[in-house]
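Before any comments, here is the structure.
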There are 2 protein chains.
Amino acid sequence: MGLLGGLWTPELLWALSDGPRRFSELRRNCPYISAKVMTNKLRELERRNVLTRTAMPTSPPTVEYELNPHGQELLPAIRTIVDVGSRLLLREAV
Amino acid sequence: MGLLGGLWTPELLWALSDGPRRFSELRRNCPYISAKVMTNKLRELERRNVLTRTAMPTSPPTVEYELNPHGQELLPAIRTIVDVGSRLLLREAV
DNA sequence: CAGTATCCATTTCGATACTG
DNA sequence: CAGTATCGAAATGGATACTG
């Protein structure tokens, strides 16, 4: 949980689950995460060895984030959370 | 995640996963959770309809907490988290 | 585009002491 | 036994403005 911690971490990982994404793509995927928090999280996840950050020296700059094998291992957990979460939401709606 | 949120929530649910537990048993299972946080979490989980709290009017008082069906549905998620978590810990240890 | 910097509000956690 | 009360520390999140 220390790793998954933070309200938005699962959502970020989720957005990365089917391939590399650029910073702005992630922002579009998770519009409620401020740039600051997003940067913090991404850096943290990089430090924790869950994803890789690749900056291309183009202009304007392009940065890609991609889950590494460690990150892939987290996916089942995220998936289950998302899954159970949506079932519960359905119930509450009723 | 709003539901699972909080550092200790998964640990509490985990401790409850194979049957009802009394307050003091939970404290023994999760020695690092202060009584205050534990009470808060339990109350929150009760409010969220994940577990039931049963107080027996004995002396000294006895209170049992038990996952209800909603809570049971969370278990797969917790299990997966615990699972992935321990695999990652192993890696880091190496 | 992909960030940083600042400042502030909120939430969460923890230690300690007390109680029916 | 099963809590509650109080206080304070710390992490987390958000808004806004600025930059190579």
Side-chain angles (χ1 to χ4, degrees), chain A residues 1-16 19-48 50-68 71 74 78 81 85, chain B residues 1-16 19-48 50-68 71 74 78 81 85:
Chain A
M1 283 309 288
L3 179 59
L4 291 183
L7 189 49
W8 298 115
T9 315
E11 200 149 334
L12 268 183
L13 292 179
W14 186 243
L16 283 168
R21 288 284 180 278
R22 303 227 316 265
F23 190 84
S24 54
E25 294 180 296
L26 290 175
R27 298 224 55 190
R28 265 189 292 283
N29 264 296
C30 316
Y32 296 121
I33 311 183
S34 69
K36 192 193 84 176
V37 174
M38 184 124 128
T39 306
N40 287 351
K41 282 298 164 212
L42 287 170
R43 293 276 195 261
E44 183 195 331
L45 292 172
E46 190 190 3
R47 235 184 35 242
R48 296 226 197 206
V50 166
L51 53 78
T52 61
R53 178 178 179 276
T54 320
M56 280 100 129
T58 54
S59 170
T62 303
V63 182
E64 266 199 355
Y65 294 91
E66 185 172 9
L67 293 181
N68 67 18
L74 294 174
I78 310 275
I81 292 173
Chain B
M1 284 307 290
L3 179 58
L4 293 183
L7 190 49
W8 298 115
T9 316
E11 201 151 332
L12 268 182
L13 293 179
W14 186 243
L16 283 168
R21 288 282 180 277
R22 303 225 316 265
F23 190 85
S24 54
E25 293 179 297
L26 289 175
R27 298 226 53 191
R28 265 189 291 284
N29 264 295
C30 316
Y32 296 122
I33 311 183
S34 69
K36 192 192 85 176
V37 174
M38 184 125 127
T39 306
N40 287 351
K41 282 297 164 212
L42 288 170
R43 293 274 196 264
E44 182 195 332
L45 292 171
E46 190 190 3
R47 234 184 35 240
R48 297 228 197 204
V50 165
L51 54 78
T52 61
R53 178 178 179 277
T54 321
M56 281 101 127
T58 55
S59 171
T62 302
V63 181
E64 267 200 353
Y65 295 91
E66 185 172 10
L67 293 180
N68 67 18
L74 294 174
I78 309 277
I81 291 173

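In what follows, chains are A, B, ... by sequence order, proteins preceding strands, each numbered from 1.
- When the nearest nucleotides of DNA chain C are assigned to A:Ala35 and A:Pro60 by heavy-atom distance, the more 5′-ward of the two goes with A:Pro60.
- In this structure, CG of A:Asn40 is placed 11 Å from P of D:dG14, rounded to the nearest angstrom.
- Closest contact between the side chain of A:Pro61 and the listed nucleotides D:dA2, C:dC13, C:dA2 involves C:dA2.
- Nearest nucleotide to the side chain of B:Thr62, out of D:dG13, D:dT4, D:dA2: D:dA2.
- Under the Watson-Crick or G-U wobble criterion, with both distances below 3.5 Å, D:dG20 is paired with C:dC1.
- For B:Lys41 and C:dT12, the shortest distance from a side-chain N or O to OP1 or OP2 is not below 4.0 Å.
- In this structure, the NZ atom of A:Lys36 is 9 Å from the C1' atom of D:dA15, given to the nearest Å.
- Summarising the geometry, the separation between CG on B:Leu26 and C1' on D:dG3 is reported as 13 Å, rounded to the nearest angstrom.
- Between A:Arg53 atom CZ and C:dC1 atom C1' there is a gap of 12 Å when expressed in whole angstrom units.
- Closest non-hydrogen pair, A:Met38 versus A:Phe23, comes out as CE-O, 3.5 Å.
- When the P atom of D:dA5 is taken as reference, atom CZ of B:Arg43 falls 10 Å away, rounded to whole Å.
- Following rounding to the nearest Å, B:Arg22 (CZ) and D:dC1 (P) show an atom-to-atom distance of 8 Å.
- Look at CE on B:Met38: it is 15 Å from C1' on D:dT4, rounded to the nearest Å.
- B:Glu25 has its CD atom 12 Å from the C1' atom of D:dC1, to the nearest Å.
- Projected onto DNA chain D by closest heavy-atom contact, B:Leu42 and A:Val37 fall at different nucleotides, the more 5' of which corresponds to B:Leu42.
- Under 4.0 angstrom from either OP1 or OP2 of D:dC1 there lies no side-chain N or O belonging to B:Arg27.
- Under 4.0 Å is where a charged nitrogen must lie from a carboxylate oxygen, and between A:Glu44 and A:Lys41 at least one such pair does.
- The two residues A:Leu26 and A:Ala15 make their nearest non-hydrogen contact at CD2-CB, 3.9 Å.
- Among C:dA2, D:dG3, D:dA15, the nucleotide with an atom closest to any side-chain atom of A:Ser24 is C:dA2.
- Pairing each heavy atom of B:Leu45 with each of B:Leu13, the nearest pair is CD1-CD2, 3.9 Å.
- OP1 or OP2 of C:dA15 has not a single side-chain nitrogen or oxygen of B:Tyr32 nearer than 4.0 Å.
- For A:Trp8, the side-chain atoms get nearest to D:dG14 when compared with the rest of D:dA2, D:dT4, D:dG14.
- Taking every heavy atom of both residues into account, B:Pro20 and B:Glu64 meet most closely at CB-OE1, 3.7 Å.
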